[in-house]
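For clarity, every value in this text was computed on a predicted model and none was experimentally measured. Sequence lines set the chain letters: A, B, ... in the order given, protein chains first and strands last, and positions in each chain run from 1.
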Amino acid sequence: MRIASFNINGVKARLPRLLEWLEETRPTVACLQEIKSQDEGFPVEEFEKIGYKAIWYGQKSFNGVAILADGVEPVEVQRGLPGDPDDEQSRYLEADVNGVRIACIYLPNGNPQPGPKFDYKLAWMARLRARMTELWTQEIPAIVLGDFNVIPEDKDVWSPKAMASDALMQPESRDAYAQLLGDGWTDAIDTLNPRGGVWTYWDYQAGAWQRDHGFRIDHLLLSPELADRMKATGVDKDYRGREKASDHAPVWVEITG
DNA sequence: ATGGCTGGGTCTCCCAGA
């Protein structure tokens with residue numbers, strides 16, 4: 001099965017591009033971030049027409065996540081990241097599909113830093129680690145995937161110098177991400193591309209796509225039960241170059257079974 | 001040089017993104 005993630009930057013503005021990607025690459029599971037849609041505006045019928053069932057957790061204007069599955073309804077397990085009852089941002093959705101636990105995340109950007117948005121990012125990452133520890137102890141095949149908004153290492157960015165002050169690559173952000181790997185989660189793309197140089201995001205501005213000024217912030221973290229089944233991983237890079245593209249490209253991992 | 005695009009909503013400007 002193929003499990004994919006795509007920060008689409010607006011599900012309505014991106015719908016033709018999204019449907020095209022689903023039909024052309026046919027992922028078994030597709031996690032979406034930044035749907036930028038309220039629950040009642042989510043175009044579920046368009047996905048059902050091409051054979052995908054979906055659950056989604058929307059919000060007005062910003063954020064919003066969804067899980068699509070080919071031919072089966074995702075069984076929702078958790079809506080919203082536990083640990084802060086005052087957190088109203090739609091950034092976390094968890095479901096079971098074909099015996100695999102899928103956690104779709106849109107981790108806070110954190111800019112500008114320092115400041116309250118960066119504090120929120122770090123607090124969110126601490127809550128994420130707690131949730132992932134819960135998944136770990138259940139010993140189920142699990143994958144936590146989505147837009148982590150963290151550049152893990154210097155090899156994951158076109159210019160560490162240009163991005164030095166960005167929240168995406170502050171030591172605190174990197175340490176929090178490294179803790180997840182230290183806990184035993186497998187970064188699929190990094191494991192199969194250890195020398196780096198793989199990008200998943202290119203800014204709309206300053207000709208970043210044309211100059212290949214990108215970085216890697218969309219990640220796939222596998223539990224040991226799934227890491228043992230990993231066959232291949234990739235970035236559907238060419239979708240970034242099409243008309244009305246998202247600023248992210250889809251990422252995916254292929255596992256046996 | 002702190003700009004440069006893009007989507008959504010309060011809608012010809014502002015906010016947020018990364």
Side-chain angles (χ1 to χ4, degrees), chain A residues 5-19 21 31-43 46 56-66 87-92 104-122 124-125 128 145-174 176-177 189 196 198-219 235 237 239-251:
Chain A
S5 173
F6 194 179
N7 179 321
I8 49 165
N9 187 17
V11 70
K12 290 163 207 151
R14 211 69 60 208
L15 195 55
R17 197 83 315 138
L18 178 56
L19 294 170
W21 169 70
C31 294
L32 308 178
Q33 301 88 35
E34 281 206 88
I35 62 175
K36 293 184 173 179
S37 167
Q38 289 177 297
D39 283 340
E40 52 268 37
F42 188 77
E46 300 297 321
W56 59 97
Y57 179 31
Q59 177 183 337
K60 193 173 184 178
S61 305
F62 309 116
N63 307 320
V65 288
D87 185 0
E88 295 179 341
Q89 299 190 27
S90 300
R91 297 179 175 275
Y92 187 93
C104 174
I105 77 161
Y106 176 45
L107 205 149
N109 169 301
N111 282 307
Q113 71 81 29
K117 291 191 174 182
F118 191 59
D119 296 341
Y120 174 64
K121 174 179 195 156
L122 297 180
W124 205 94
M125 293 188 82
L128 177 65
L145 70 164
D147 180 356
F148 280 70
N149 271 320
V150 174
I151 297 168
E153 298 181 54
D154 283 356
K155 67 182 180 180
D156 300 309
V157 56
W158 67 278
S159 168
K161 192 175 173 184
M163 295 290 292
S165 63
D166 198 285
L168 306 190
M169 54 174 282
Q170 291 313 296
E172 297 93 331
S173 309
R174 287 183 162 179
Y177 186 79
I189 292 177
V198 178
W199 318 144
T200 68
Y201 171 92
W202 295 259
D203 201 294
Y204 286 127
Q205 304 178 66
W209 169 249
Q210 289 76 9
R211 300 177 185 187
D212 200 28
H213 289 179
F215 39 83
R216 187 172 74 94
I217 52 175
D218 299 272
H219 306 310
V235 180
K237 183 176 174 180
Y239 289 85
R240 178 61 184 84
R242 297 191 186 185
E243 285 297 311
K244 295 280 285 181
S246 170
D247 40 7
H248 294 249
V251 298

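Separation of the C1' atoms belonging to B:dT10 and B:dA16 is 14 Å when rounded to the nearest angstrom. Taking atom C1' on both nucleotides, B:dT12 is separated from B:dG7 by 16 Å, rounded to a whole Å. The same atom, C1', is picked in B:dA18 and in B:dT2; the two are 14 Å apart, to the nearest Å. On the P atoms, B:dA1 is 26 Å away from B:dT6, given to the nearest whole Å. Nucleotides B:dG3 and B:dC15, compared at atom P, are 14 Å apart to the nearest Å.
Between A:R91 and A:D147 there is no salt bridge, since no side-chain nitrogen of the basic residue lies less than 4.0 Å from a carboxylate oxygen of the acidic one.
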Heteroatom pairs (N/O) under 3.5 angstrom, protein to nucleotides 1-3 of chain B:
none

Detail all sub-3.5 Å separations between protein N/O atoms and N/O atoms belonging to nucleotides 10-13 of chain B.
none

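Within the 4.0 angstrom heavy-atom criterion, no nucleotide atom of any strand lies near A:N63. At the heavy-atom level, A:K121 lies nowhere under 4.0 Å from the strands shown.
Partners of A:D247 according to the salt bridge (charged side-chain N to carboxylate O under 4.0 Å, His left out) rule, which considers only residues two or more places apart in sequence or in another chain, do not exist here.
Counting only heavy atoms from C-beta outward, the side chains of A:F62 and A:Q89 never approach each other to under 4.5 Å.
Contacts between residues 106-115 of chain A and DNA chain B, counted as heavy-atom distances below 4.0 Å, involve A:Y106, A:N109, A:N111. Taking every heavy atom of residues 148-156 of chain A and every atom of DNA chain B, pairs under 4.0 Å involve A:N149, by number. Near DNA chain B, meaning a heavy atom under 4.0 Å away, the residues from residues 210-219 of chain A are A:F215, A:I217.
Between the OH atom of A:Y204 and the P atom of B:dC5 there is a distance of 13 Å, given to the nearest Å. In this structure, A:Q170 places its CD atom 13 Å from C1' of B:dA18, rounding to the nearest Å.
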